[in-house]
Colleague: 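Structure incoming, see below.
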Amino acid sequence: MEITIKTPRDFNFRRTVLSHGWCALQPFEFDEKTWTLIRVLDPGQGAPVTVEISSSARAININTSRRVGKKAAAKIERDVRHMFRLDDDLREFYQTVTGDPDFAWVAHEGAGRLLRSPTVFEDLVKMICTTNCSWALTEKMVSGLVHELGRESADGRRSFPSAAAMAERPASFFRDRIRSGYRAPYFAELAQRVASGSLNVEAWLTSELPLNELIKEMKSVKGVGNYAAENLLKLIGRYDGLALDSWTRAQFARLHNKGRVASDKKISRFYSRFNSWRGLALWCDLTRDWVNSENIGE
DNA sequence: GCGTCCAGGTCTACC
DNA sequence: GGTAGACCTGGACGC
């Protein structure tokens, strides 16, 4: 079964898929030969569905692993729109960067839409998995969660586990089976809070809290510090924070400081001209070469 | 084979 | 409020 979604004029499928590392973290799978993003989605009723997502002229095409009803199809479309940020309005951002010769390419290529998961919960858990470890360990922890606790689609692939599924497991499970180390009690506590309803992380998407209060709420989740909170903010559409980490600092040094370590203040000054869009400007700048000139187009 | 370092940080105790 | 030290894992590296 195929579902087609029209895309905005300034949308770039390839830039969005490769906007950051999420496309390599399960349940996402990226087929670079066919430029197809594959993952399991929970349609809300019945078994999970595997979707293969590709693009054509001004459209995203979704192939589902089985036929689904109207409600499920609508849920899948909502999830894909959410993941690819199709409803994000980046016109102000593009106007801002177009005035700068070194950043005009961002608008020209339609960069700036950061791929996200269908739920804030999934993004939050994954973000904690990226902290203080190698990318290989991040992949190991995330795939462990999917394989141990995800629901199975007909083709054997699995969804990302729900908070309820994770809440059924003790901290020892996350330590011994997921190999998440000191993060294990954090996952157990987070899943309990979300599953019980005492913490509604999905509400962050539409929160009208001032930035500082929203960050404070995010940091009430153990394992979430400045880096994780600022990256989560980017995924809910707020780009004030730079989310500096060892990789972004090294990349900035390479691109803008002749290979020498730059202070965080210097990095902050460099992007300050982009005001509330500075976090997104930084990310686009440092990841520009992730998509080369040969595969920018659709 | 073994020890050390460190990676897309965070938490806590202490000052 | 600022900071030092501890915290898990696993791969890379030097010996």
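In the text below, chain A, chain B and the rest are named by the order of the sequence lines, each starting its count at 1.
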Colleague: So where does chain A start and stop touching DNA chain B, 5' to 3', when the test is distance under 4.0 Å to a non-hydrogen atom?
Modeller: B:dA7 to B:dT12
Colleague: Given 3.5 Å as the limit, does a donor-acceptor pair link the side chain of A:Arg113 with the main chain of A:Asp88, or not?
Modeller: yes
Colleague: Answer with base, sugar-phosphate or nothing: what part of the nucleic acid does A:Asn231 contact at a heavy-atom distance below 4.0 Å?
Modeller: nothing
Colleague: Taking the side chain as C-beta and beyond, is there a heavy-atom pair between A:Arg116 and A:His82 under 4.5 Å?
Modeller: yes
Colleague: Where does the chain A footprint on DNA chain C start and end, counting 5' to 3' with a 4.0 Å heavy-atom cut-off?
Modeller: C:dC7 to C:dG10
Colleague: Step by step, would you call A:Phe187 with A:Phe173 a ring-ring contact (aromatic ring centres under 6.0 Å, His included)?
Modeller: CA-CA 10 Å; A:Phe187 288 147; A:Phe173 168 83; over 10 Å; no
Colleague: Just how far is it from atom CZ of A:Phe160 to atom CZ of A:Phe28, taken to the nearest 0.5 Å?
Modeller: 11.0 Å
Colleague: Does any pair with a residue in residues 236-260 of chain A pass salt bridge (Lys or Arg N to Asp or Glu O under 4.0 Å), and if so which ones, sequence neighbours excluded?
Modeller: A:Arg249-A:Asp264, A:Arg254-A:Asp289
Colleague: Using the C1' atom in both, what is the distance from C:dA4 to B:dG8, to the nearest Å?
Modeller: 23 Å
Colleague: Please check if the side chain of A:Ser159 supplies one atom and the backbone of A:Gly150 the other of a donor-acceptor pair under 3.5 Å.
Modeller: no
Colleague: Considering non-hydrogen atoms only, spot the tightest contact between A:Ser54 and A:Phe13 and give its length.
Modeller: CA-CZ, 3.8 Å
Colleague: Would you say A:Glu148 and A:Ile178 make side-chain contact, with heavy atoms under 4.5 Å?
Modeller: yes
Colleague: Look at A:Glu152 together with A:Arg157 and state whether they make a salt bridge at an N to O cut-off of under 4.0 Å.
Modeller: no
Colleague: Residues from residues 122-138 of chain A sitting under 4.0 Å of DNA chain C, heavy atoms only?
Modeller: A:Asn132, A:Leu137
Colleague: Between A:Ser180 (side chain) and A:Arg183 (backbone), is there a donor-acceptor pair under 3.5 Å?
Modeller: no
Colleague: Students often get this wrong, so: under 4.0 angstrom with heavy atoms, is A:Arg183 touching a base, only sugar-phosphate, or nothing?
Modeller: base
Colleague: Assuming nearest nucleotide by heavy-atom distance, tell me which of A:Gly223 and A:Trp247 is located more 5' along DNA chain B.
Modeller: A:Trp247
Colleague: Quick one: the dot-bracket string of DNA chain C, using Watson-Crick and G-U wobble pairs with both distances under 3.5 Å, [ ] for crossing pairs and | for bases paired to another strand.
Modeller: |||||||.|||||||
Colleague: Just one of A:Ile38, A:Leu25, A:Leu18 clears the side-chain contact (heavy atoms from CB on, under 4.5 Å) bar with A:Phe30, so which one?
Modeller: A:Leu18
Colleague: When the side chains of residues 120-129 of chain A are checked against the rest of the protein, which donor-acceptor pairs come out under 3.5 Å, sequence neighbours left out?
Modeller:
from, atom 1, to, atom 2, distance (Å)
A:Glu122, OE1, A:Arg39, NH2, 3.0
A:Glu122, OE2, A:Arg39, NH1, 3.0
A:Glu122, OE2, A:Ser117, OG, 3.1
A:Glu122, OE2, A:Lys126, NZ, 2.6
A:Asp123, OD1, A:Trp22, NE1, 2.5
A:Asp123, OD1, A:Ser117, N, 3.1
A:Asp123, OD1, A:Ser117, OG, 2.6
A:Asp123, OD2, A:Ser117, N, 3.3
A:Lys126, NZ, A:Gln26, O, 3.3

Colleague: Measuring only the P atom in each nucleotide, how far is B:dA13 from C:dC8? A whole number of Å is fine.
Modeller: 14 Å
Colleague: Would A:Arg91 and A:Asp89 pass as an ion pair if we require N to O under 4.0 Å?
Modeller: yes
Colleague: With heavy atoms under 4.0 Å as the rule, sort A:Ala243 into base, sugar-phosphate or nothing.
Modeller: nothing
Colleague: Taking the nucleotide of DNA chain B with the nearest heavy atom to each, does A:Trp283 or A:Lys219 sit closer to the 5' end?
Modeller: A:Trp283
